[in-house]
Visitor: 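Structure below; questions to follow.
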Protein chains: 2
Amino acid sequence: MPSKKKIESNDNVPEISPTISVDCVIFGYEDYRLKVLIKRELVPSEIKPNYEWKLPGNRVRLNEDICVAASRILKEQTGLENLSVKPFSVFSDPNRLKRREHDYEWIKPSLEDERVITIAFYSLVNVSVIDNSVLNEDVSWVVPYDIKELMFDHKEVLDEALKKLRYDLLYEPLVFELLSEKFTLTQMQKLYEAIYNTTYDKRNFRRKIQKMPYIIPLYEIETEVAHTPAHLFSFNREVYEKKHTERFDFEV
Amino acid sequence: MPSKKKIESNDNVPEISPTISVDCVIFGYEDYRLKVLIKRELVPSEIKPNYEWKLPGNRVRLNEDICVAASRILKEQTGLENLSVKPFSVFSDPNRLKRREHDYEWIKPSLEDERVITIAFYSLVNVSVIDNSVLNEDVSWVVPYDIKELMFDHKEVLDEALKKLRYDLLYEPLVFELLSEKFTLTQMQKLYEAIYNTTYDKRNFRRKIQKMPYIIPLYEIETEVAHTPAHLFSFNREVYEKKHTERFDFEV
DNA sequence: ACAAAAGTGTTTTGGGTACACCCATGT
DNA sequence: ACATGGGTGTACCCAAAACACTTTTGT
């Protein structure tokens with residue numbers, strides 16, 4: 001370790017910093033529903049060991065970029081690779097690991113430090129596009145609205161991630177990361193409905209989409225559906241880069 | 001240091017975590033203008049040492065809550081006490097301290113680690129209420145729009161803070177932290193104008209304020225002004241807690 | 001024929017925005 | 001008397017929201 005010189009006299013530098021971890025909220029879209037990826041852990045208990053669920057996450061290595069750490073840990077814990085991860089918040093409550101007693105008993109043996117500050121990331125994947133066979137056996141896609149609790153403060157992390165996703169979605173072209181390259185307007189509407197947990201009027205929704213010049217009609221139609229095939233559209237990033245307003249371009 | 005046991009076989013735990021610092025963006029409101037507090041540092045250079053400006057900030061101690069760290073460092077570096085600080089973002093680019101060469105030369109002797117992840121905070125103060133005599137000699141209130149550069153990535157941190165402030169202000173009663181307890185509608189309007197760096201129509205602004213039931217007319221008027229004294233208003237938090245909508249209650 | 005989803009217009013309502021003058025006070 | 005900011009109403013436009021039926025295809 002390098003020597004520790006001090007340049008400010010009142011600078012009482014500690015030997016080391018607090019431990020840092022990353023936790024990842026991976027949102028997916030499948031069967032017209034918003035999903036999130038959680039991981040099962042066997043947690044000891046006086047009575048009998050229980051399975052508990054947490055977000056994928058672990059500690060960051062020294063000199064490892066936190067985004068790299070998030071990607072590495074995601075690969076290790078879920079099997080998923082090459083996701084684009086986005087830090088959105090920090091959770092630093094000194095008691096955050098101790099809120100649920102059993103969880104703390106479980107994590108304690110692996111900690112050097114009683115306190116772990118976590119940097120939370122979210123990421124978006126189109127579940128039908130990724131190779132679900134790479135998914136580890138102990139992870140599962142679940143509908144976030146059905147999740148009542150998670151280990152540690154992970155329910156809070158999830159809630160914040162959803163809040164941030166809902167905000168970011170309004171002014172960044174993130175919807176398209178959850179959609180296939182070619183998509184129908186109904187698919188897009190159902191995705192918005194899944195994310196905002198609401199419903200929209202079809203005609204009003206389409207009127208708003210028509211005003212987005214970067215959503216391009218392809219003059220192609222879907223196939224293999226048991227009803228009138230819908231027109232396909234795609235997102236044109238070049239047009240978006242030129243026309244976007246730095247406002248809520250994606251509000252519907 | 002406690003022993004390091006491992007409960008997950010693929011869990012390659014590092015000896016220590018990356019270094020963590022906090023940086024603070026303190027917004028103030030003075031003379032109808034938005035201000036931010038920056039600190040001067042003497043930075044070496046081949047030619048001659050220069051004064052450069054940075055945000056108040058320093059490393060977090062082991063086992064110190066990051067909000068406590070932010071308050072402590074603010075006191076040490078600016079003289080200000082008892083500010084409510086709010087974490088809003090993380091800056092973790094491995095090169096963030098090296099973007100400006102001289103800055104890195106200046107900070108390098110005090111680092112154990114080449115990389116420092118920083119957690120950024122913002123805080124709001126009414127400049128005319130605080131005791132400005134406690135302010136350290138090397139800090140200064142400046143208009144953020146006039147700041148062209150700061151040390152390291154602090155200009156980016158400032159820009160993000162302003163973006164976050166502008167967002168938070170829409171749905172949290174933060175304006176009142178910058179206003180005196182009793183305020184006129186013009187004072188409030190000018191504050192919004194300062195924060196969003198724009199202008200509003202007086203009548204339209206007042207119409208919107210009238211719709212906020214938690215802004216209470218006091219039936220008092222200002223004194224010591226050289227023109228028609230304006231009516232005074234105050235913010236009633238109890239009414240706000242009952243009536244607020246979890247939406248953009250403070251959009252104007 | 002039936003099931004399923006695609007696609008399409010109109011009306012009403014409320015909010016946003018633009019705009020100009022008189023009044024009250026202190027100097 | 002003058003300078004300064006306080007305070008007020010209206011008209012227009014557009015966007016949001018509510019609402020239902022016909023068409024197309026696969027089975």
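Numbered from 1 within each chain, the chains take letters A, B, ... in sequence-line order.
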Visitor: Check the surroundings of atom NZ in Lys190(A): do more than 12 heavy atoms from other residues, nucleotides or ligands lie under 6.0 Å from it?
Guide: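 Count not over threshold, so no.
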
Visitor: Output the rounded distance in Å from CZ (Phe233(B)) to P (dG7(D)).
Guide: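 That distance rounds to 7 Å.
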
Visitor: Please determine whether the number of non-hydrogen atoms from other residues, nucleotides or ligands lying under 6.0 Å from atom CZ of Arg100(B) exceeds 12.
Guide: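 Result for CZ/Arg100(B): enclosed.
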
Visitor: Please work out whether the ring planes of Tyr192(B) and Tyr200(B) are parallel, tilted or perpendicular, with thresholds of 30° and 60°.
Guide: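 Correct class here is perpendicular.
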
Visitor: Given atom NE2 of His227(B) and atom P of dT4(D), what is their separation to the nearest angstrom?
Guide: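 Roughly 11 Å, once rounded to whole Å.
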
Visitor: Please state whether the phosphate of dG5(D), meaning OP1 or OP2, lies under 4.0 angstrom from any side-chain nitrogen or oxygen of Thr186(B).
Guide: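 Negative; the distance criterion is not met.
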
Visitor: Could you state the NE2-P distance from His231(B) to dG5(D), rounded to the nearest angstrom?
Guide: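 Roughly 18 Å, once rounded to whole Å.
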
Visitor: Please give, in whole Å, the distance from dG26(D) P to Glu224(A) CD?
Guide: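 So the CD-P distance, Glu224(A) to dG26(D), works out to 11 Å.
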
Visitor: Nearest-Å distance, CD (Glu222(B)) to C1' (dT4(D))?
Guide: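 From Glu222(B) CD to dT4(D) C1': 12 Å.
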
Visitor: What is the distance, to the nearest angstrom, from the CD atom on Glu251(B) to the C1' atom on dG16(C)?
Guide: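 To the nearest whole Å, that distance equals 11 Å.
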
Visitor: Tell me, which of residues 200-214 of chain A have any heavy atom that sits under 4.0 Å from an atom in DNA chain C?
Guide: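 Result for residues 200-214 of chain A: Lys202(A), Arg203(A), Arg206(A), Arg207(A), sorted by number.
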
Visitor: If the test is side chain to side chain contact (heavy atoms under 4.5 Å, CB included), which one of Val125(B), Val143(B), Val142(B), Ile26(B) qualifies with Lys35(B)?
Guide: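 Passing option: Val143(B).
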
Visitor: Looking only at the side chains, is there a donor atom on one of Thr78(A) and Asn136(A) sitting less than 3.5 Å from an acceptor on the other?
Guide: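 No - no donor-acceptor pair under 3.5 Å links their side chains.
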
Visitor: Using whole Å, report how far CD1 of Ile221(B) lies from P of dT4(D).
Guide: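 Nearest whole value for this atom pair: 21 Å.
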
Visitor: When you measure from the side chain of Ala230(B), which nucleotide among dA6(C), dG7(D), dA24(C) comes out closest?
Guide: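 Per side-chain heavy atoms of Ala230(B), the pick is dG7(D).
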
Visitor: Going by the angle between their ring planes, with limits at 30° and 60°, are Tyr240(B) and Tyr214(B) parallel, tilted or perpendicular?
Guide: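 Answer is perpendicular, since the angle exceeds 60°.
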
Visitor: In whole angstrom, give the distance that lies between atom CZ of Phe248(A) and atom C1' of dA15(D).
Guide: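 So the CZ-C1' distance, Phe248(A) to dA15(D), works out to 17 Å.
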
